[in-house]
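The structure appears below as structure tokens.
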Amino acid sequence: MKGAHRVIVESKKIKYDFIIKRNITVIAGDSATGKTVLVDLIREYQRYGADSGVNVSCDCPCRTLDDEDWQEKLERISGSIIFIDEGNRFVVTRKFAEMVQQSDNYFVIATRENLPMLPYSIEEIYGFRQSGKYIDAKQKYNELYHLYGEISAEGIEPVHVITEDTNSGYEFFQTLSKESGISCESANGKSNIIQLLEQYSGKQESVLVVVDGAAFGAEMRDVYEYLRTNPQCVLYAPESFEWLLLSSNVIPGVDVSDILRNPEEYIDSREYLSWERYFTKLLMERTAENSVWRYSKKKLNPSYLSARVVQSVKKVMRLVEWDAKAEFDTIMQAGLAQAKEDDSLTVDDAFSQLKADIACNKAKC
């Protein structure tokens, strides 16, 4: 199943209107926010049609699934959007995850629990926001996440970088960080992110955490709770490292701009359980015939560590100020040198003057 599908569900008392574009969508949020009501309305329409007093509008069938004989029912459903209410315990099982991977359906799961067996995107975790009698799906988590919203306009100036990846992504960010005078380490898997972040609790140094947003959904709630009490830590969650490379548009002969604009039109849910897997295969296929740019998940071709690629990726990560620490260290060294040359000038005074001069140059005083 591919594409974005608009779903409108309404009765006399309430209306839902939202778009589903990936194979796994999670509706989270507190109780009494409308999750169960939505599933109940679709179930009533599924049973009684127009006689239910409910209208469901979508370009593909909308179905519901519950605990009773769920495996047999799911095997018979194809090309549909399947809604599952919270409380159905099968959604946390390995068997359900296996059947989702083999399915050509989209799944909308109402739950407040994490679903570690499923690689769902942080961009497809929704809550319902009510406005009068109209309810619309409101995204809770965005690509660049900081206290339920985007990073501030000033951006983040990282002193430390943590990557979820242990292979090519880590290798790239290790190189980028080293050039900027920043430390970089791998968490060796997304489930270890919080454990590693604990080392920075209570410290004022800024920490940038880079993860594959396309498959980080199950970790998002716990990581969010940590970030909420540790504002010096910021999560950056692009679709994947491969998506970053493709978005940089720096690889010769590889132009996938149409795909990047509307990935849902190209990614078949039966073939790819997550978008991260699709972008990995896309990059590998598009560079397979070029020995200089051939991409491997385990070991980066040196071309990807070139200054040109690094600078292009920095531009994609536009809200991250990679060179701030290096600039700060330069100011400190220059301040010390200037203070030594001028006995009447304290280190603090020299530091402040140099910092003001640099700020003035940036603003083109």
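Only heavy atoms go into these numbers, but all of them, side chains included; no hydrogens, no water, no symmetry mates. All residue numbers refer to positions in the sequence shown, counting from 1.
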(request) Please round to the nearest 0.5 Å and tell me the distance separating atom CZ of Arg286 and atom CG of Leu282. (result) 5.0 Å
(message) Is a donor from one side chain sitting under 3.5 angstrom from an acceptor on the other, for Ser257 and Asp255?
(response) yes
(request) Can you tell me which residue pairs pass the salt bridge (Lys or Arg N to Asp or Glu O under 4.0 Å) test with a partner in residues 90-105, sequence neighbours excluded? (result) Asp104-Arg270
(message) What verdict does the side chain to side chain contact (heavy atoms under 4.5 Å, CB included) test give for Phe96 and Leu115, after you've listed the backbone C-alpha separation in whole Å, the side-chain angles of each residue and the deciding distance to 0.1 Å?
(response) CA-CA 11 Å; Phe96 178 67; Leu115 303 174; over 6 Å; no
(request) Determine, step by step, whether Thr64 and Ile84 satisfy the side chain to side chain contact (heavy atoms under 4.5 Å, CB included) criterion, reporting the C-alpha distance in whole Å, the side-chain angles of both residues, the deciding distance to 0.1 Å, and the verdict. (result) CA-CA 6 Å; Thr64 61; Ile84 304 171; over 6 Å; no
(message) Between Glu289 and Arg294, does any NZ, NE, NH1 or NH2 come within less than 4.0 Å of an OD or OE carboxylate oxygen?
(response) no
(message) Among residues at least two apart in sequence or on other chains, which ones pass ring-ring contact (aromatic ring centres under 6.0 Å, His included) with Tyr304?
(response) Trp293, Tyr295
(request) Let me see the working for Phe279 and Glu239 under side chain to side chain contact (heavy atoms under 4.5 Å, CB included), right down to the final yes or no. (result) CA-CA 8 Å; Phe279 287 118; Glu239 295 287 350; 4.1 Å; yes
(request) Just do the side-chain hydrogen bond (donor to acceptor under 3.5 Å, both in side chains) check on Ser201 and Glu198 with the steps written out, would you? (result) CA-CA 5 Å; Ser201 293; Glu198 290 289 352; 3.3 Å; yes
(request) State which residues pass side-chain hydrogen bond (donor to acceptor under 3.5 Å, both in side chains) with Lys178; sequence neighbours excluded, sorted by chain then number. (result) none
(message) Is it true that Ser191 and Glu219 share a donor-acceptor pair across their side chains at a distance under 3.5 Å?
(response) no
(request) Verify the distance criterion only: is there a donor paired with an acceptor across the side chains of Thr280 and Glu242 at less than 3.5 Å? (result) yes
(message) Can you tell whether the side chains of Glu171 and Lys299 come within less than 4.0 Å, N to carboxylate O?
(response) yes
(message) Within this structure, what is the OG-CD distance for the pair Ser177 and Glu185, rounded to the nearest 0.5 Å?
(response) 10.5 Å
(request) Using the test salt bridge (Lys or Arg N to Asp or Glu O under 4.0 Å), find all partners of Glu113 that sit at least two apart in sequence or belong to another chain. (result) Arg89
(request) State whether Glu265 and Lys2 are salt-bridged, where the test is any N-O pair (Lys NZ or Arg NE/NH1/NH2 against Asp/Glu carboxylate O) under 4.0 Å. (result) no
(request) Would you please indicate if the ring centroids of Phe172 and Phe241 are separated by under 6.0 Å? (result) yes
(request) Using ring-ring contact (aromatic ring centres under 6.0 Å, His included) as the criterion, list what pairs up with Tyr200, not counting sequence neighbours. (result) His160
(request) Report the C-alpha separation of Glu124 and Tyr120 in whole Å, then their side-chain angles, then the decisive distance to 0.1 Å, and conclude whether the side-chain hydrogen bond (donor to acceptor under 3.5 Å, both in side chains) test is met. (result) CA-CA 7 Å; Glu124 302 306 323; Tyr120 55 100; over 6 Å; no
(request) Go through the structure and list residues passing salt bridge (Lys or Arg N to Asp or Glu O under 4.0 Å) with Asp40, not counting sequence neighbours. (result) Arg43
(request) For residues Tyr170 and Cys184, determine if any side-chain heavy atom of one lies less than 4.5 Å from a side-chain heavy atom of the other. (result) yes
(message) Check this for me, if you would: do Lys35 and Asp85 make a salt bridge, where the nitrogen-to-carboxylate-oxygen distance has to be below 4.0 angstrom?
(response) no
